[in-house]
Every structure is written in C-alpha cells, then in structure tokens.
*Asks:* 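After the structure tokens below, expect a handful of questions from me.
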Amino acid sequence: MSSPAQEAALTKWLAEGRRGMGQIAIDAGDDGLFALTHRDDASHRHLAVHTRAEDAEELARFDDVGNYRALKTAPNLRHGWRLTLTSVSEVHMALDLFYPGRLAAFFAWEKETLEVTPLRDTLARQTGMYRVAAKIGEDEANALIGNFCRSDGGCLRTILWPRDKGGTIASTILPPEKFDPQHDQTIPLLCQEACNLLVAEARKIVKGDL
C-alpha cells in the first residue's frame, strides 16, 4: 500500500512530465482519468480495456507469446492493453504491480536515503546452494553483468551498485547510460542490489552449468 508521501511524490512526478516508467506510458486526461499502456501502444486505439489497478498483476505476468516473465523489469512486457484508472493511488498500485518495489526505490533515491549493496557483498551473504556464487571471477562477473543486465533483452533497470566496496563499475561492457538515473526523464527503474536471478546465473557459471 502506498503512503501519502509516496502518492504526493508520484503526483509531483506526473505533473513534471514523468509520464512513463519502464515500458509503461502514462496519459493524464483532462477528465481526471489516467490511461496506462505499453509505450509502443500509446497511440493505438483498439486495445483491450482494463479498469482495475489489480489487473496490472496479470498484464505483467506473461509476455506476448505467453511465456512467464520471471523478471518484471525485463523489456518483454506484453502489448495490446489499456489500463484506465481514476486516481493517483490506483496508478501507484498498478505501477507497483508492473514493477514491484521500483517506485519506493526511486522515492528513496530522490530523498538520498536509498542504500546500495555491492555485488560482492550480495554474493558473500548467500547461503545453501547459492553460496558458491561468491567464487565467480572478476572477468566472469564483468561478462555476466554485461550480458544479463543489458537493457536490450536483459533488464531495464539503471544499475546503482558497484561490483565491490572499492567502487569498481558493475560491468565495463555496458554503456554509461546504464548507470545514470538521469538518462531517462521518465520514472527510472533503479537497481540498488543484484537480483536473485543474477545470483543464480553467477552460481551456474561457477558450477560450470552454462
């Protein structure tokens, strides 16, 4: 559930012209309604109409060919829908379902309270079958992040975390804008810590499963 402060922040962002988040386009009508669509469909008229913020959960579940989207910030959001909502609080709920936790991360980043965790710290705290992921080499980590986290086919998030406490860039393969929250003037999808899927891929590399 959103807090009054977060709803006020979202209202401010929309008024400033931040009319998108990831692959979502947000249109604020003169009638007080908000229309969310896939950004590729923003000018399309014949779309399946949904009217509940909760519908975003199902819209985000599968891609265009019916494959399950394990990573919600992957650039494979399905097309062909319009989500019409009546309030900023409903927009907040829908965006939180499309991109879990990303509004809160941006809110914290703007307040300069967002904490980031270096990759090596994330790997070092793994237990059980994922503990071995901490053994991934530097060159392997650089290549893994450069491929797995790329925006064109990997993940749309802007990486804020370094590879280690010394501040080593997460990957030299990725372009500079991948690390710049100001690059996209919509509401950016911020990544403050390596996700579980990246950790799982690191484990595969160490185990020789790739």
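Residue indices begin at 1 and follow the sequence shown.
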*Asks:* Report yes or no: does D96 contribute a side-chain atom to a donor-acceptor pair with the main-chain N or O of P100 at less than 3.5 Å?
*Replies:*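 A pair under 3.5 Å: no.
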*Asks:* Could you tell me whether the side chains of R157 and T73 share a donor-acceptor contact shorter than 3.5 Å?
*Replies:*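 Indeed, the side chains of R157 and T73 share at least one donor-acceptor pair under 3.5 Å.
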*Asks:* How far apart are the closest heavy atoms of F148 and C195, and which atoms are they?
*Replies:*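 Closest heavy-atom pair between F148 and C195: CE2-SG, 4.2 Å.
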*Asks:* Taking atom CD1 of I205 and atom CD1 of I136, what is their separation to the nearest 0.5 Å?
*Replies:*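 With rounding to 0.5 Å, CD1 (I205) is 4.0 Å from CD1 (I136).
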*Asks:* Hey, is the main chain of T86 close enough, under 3.5 Å, to the side chain of E90 for a donor-acceptor pair?
*Replies:*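 Pair found, side chain donor or acceptor close to backbone of T86.
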*Asks:* With distance as the sole criterion, is a donor-acceptor pair present between the side chains of E110 and W13 under 3.5 Å?
*Replies:*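 A pair is found: one side chain offers a donor N or O, the other an acceptor, under 3.5 Å apart.
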*Asks:* Do you know which two heavy atoms are closest between A53 and L85, and how far apart they sit?
*Replies:*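 Nearest heavy atoms, A53 then L85: N-CD2, 3.6 Å.
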*Asks:* For the backbone of T186 and the side chain of R18, can you confirm whether one donor and one acceptor N or O come within less than 3.5 Å of each other?
*Replies:*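 Answer holds: yes.
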*Asks:* For residues L119 and P162, determine if any side-chain heavy atom of one lies less than 4.5 Å from a side-chain heavy atom of the other.
*Replies:*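 No, every pair of side-chain atoms sits at 4.5 Å or beyond.
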*Asks:* Consider only side-chain N and O atoms of K178 and S151, and report whether a donor and an acceptor are under 3.5 Å apart.
*Replies:*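 Judged by distance alone, the side chains do pair up.
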*Asks:* Which distance, rounded to the nearest 0.5 Å, do you find between the NZ of K204 and the CG of L144?
*Replies:*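 That separation rounds to 10.5 Å.
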*Asks:* Indicate yes or no for a side-chain donor-acceptor contact from R69 to the backbone of A74 under 3.5 Å, with no hydrogens or angles considered.
*Replies:*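 Confirmed, R69 side chain pairs with A74 backbone.
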*Asks:* With side chains defined as the heavy atoms from C-beta onward, is the minimum distance between H79 and D40 less than 4.5 Å?
*Replies:*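 Of all side-chain heavy-atom pairs linking D40 with H79, at least one is under 4.5 Å.
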*Asks:* Any non-hydrogen side-chain atom of R19 less than 4.5 Å from a side-chain atom of L14?
*Replies:*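 A side-chain contact under 4.5 Å exists here.
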*Asks:* Which pairs, with at least one residue in residues 50-61 and sequence neighbours excluded, count as a side chain to side chain donor-acceptor pair (under 3.5 Å)?
*Replies:*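 For residues 50-61: R52-D55, E58-R61.
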*Asks:* So, E140 side chain and G137 main chain: donor-acceptor pair closer than 3.5 Å or not?
*Replies:*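 Flag set: sc E140 to bb G137 pair under 3.5 Å.
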*Asks:* Do H38 and D41 meet the criterion of a side-chain donor-acceptor pair at a distance under 3.5 Å?
*Replies:*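 There is no such pair (donor and acceptor under 3.5 Å, judged by atom type) between the side chains of H38 and D41.
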*Asks:* For the ring pair W81 and F98, is the centre-to-centre distance below 6.0 Å?
*Replies:*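 That pair passes the under 6.0 Å test.
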*Asks:* Of all the heavy-atom pairs spanning T117 and W161, show the shortest one and how long it is.
*Replies:*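 Scanning both residues, the minimum pair turns out to be O-CB, 3.2 Å.
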*Asks:* Could you work out, with side chain to side chain contact (heavy atoms under 4.5 Å, CB included) as the rule, every residue matching A5, not counting sequence neighbours?
*Replies:*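 Expected list: S3, F107.
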*Asks:* Are R78 and D63 side-chain neighbours, meaning at least one heavy-atom pair lies under 4.5 Å?
*Replies:*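 R78 vs D63: side chains apart.
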*Asks:* Decide side chain to side chain contact (heavy atoms under 4.5 Å, CB included) for T158 and L189; before the verdict, give the C-alpha distance in whole Å, the side-chain angles of both, and the deciding distance to 0.1 Å.
*Replies:* CA-CA 6 Å; T158 297; L189 299 168; over 6 Å; no
*Asks:* Tell me every residue that passes side chain to side chain contact (heavy atoms under 4.5 Å, CB included) with S171, counting only those two or more places apart in sequence or in another chain.
*Replies:*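 N142, I145, I173, L174.
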*Asks:* To the nearest 0.5 angstrom, please state how far the CD1 atom of I26 sits from the CD1 atom of I187.
*Replies:*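 One gets 5.0 Å once the value is rounded to the nearest 0.5 Å.
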*Asks:* Give, for atom CD of Q192 and atom CD1 of I159, the distance between the pair rounded to the nearest 0.5 Å.
*Replies:*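 Q192 CD to I159 CD1: 12.0 Å, rounded to 0.5 Å.
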*Asks:* Minimum heavy-atom separation for R39 and G22, please, with both atom names.
*Replies:*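 Closest pair (atom of R39, atom of G22, distance): NH1-O, 3.0 Å.
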*Asks:* How long is the span from the NZ atom in K207 to the CZ atom in R203, to the nearest 0.5 Å?
*Replies:*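 Nearest 0.5 Å value for the NZ-CZ distance: 5.5 Å.
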*Asks:* Mind listing the closest non-hydrogen atom pair of L103 and M21 along with its distance?
*Replies:*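 Nearest heavy atoms, L103 then M21: N-CE, 3.8 Å.
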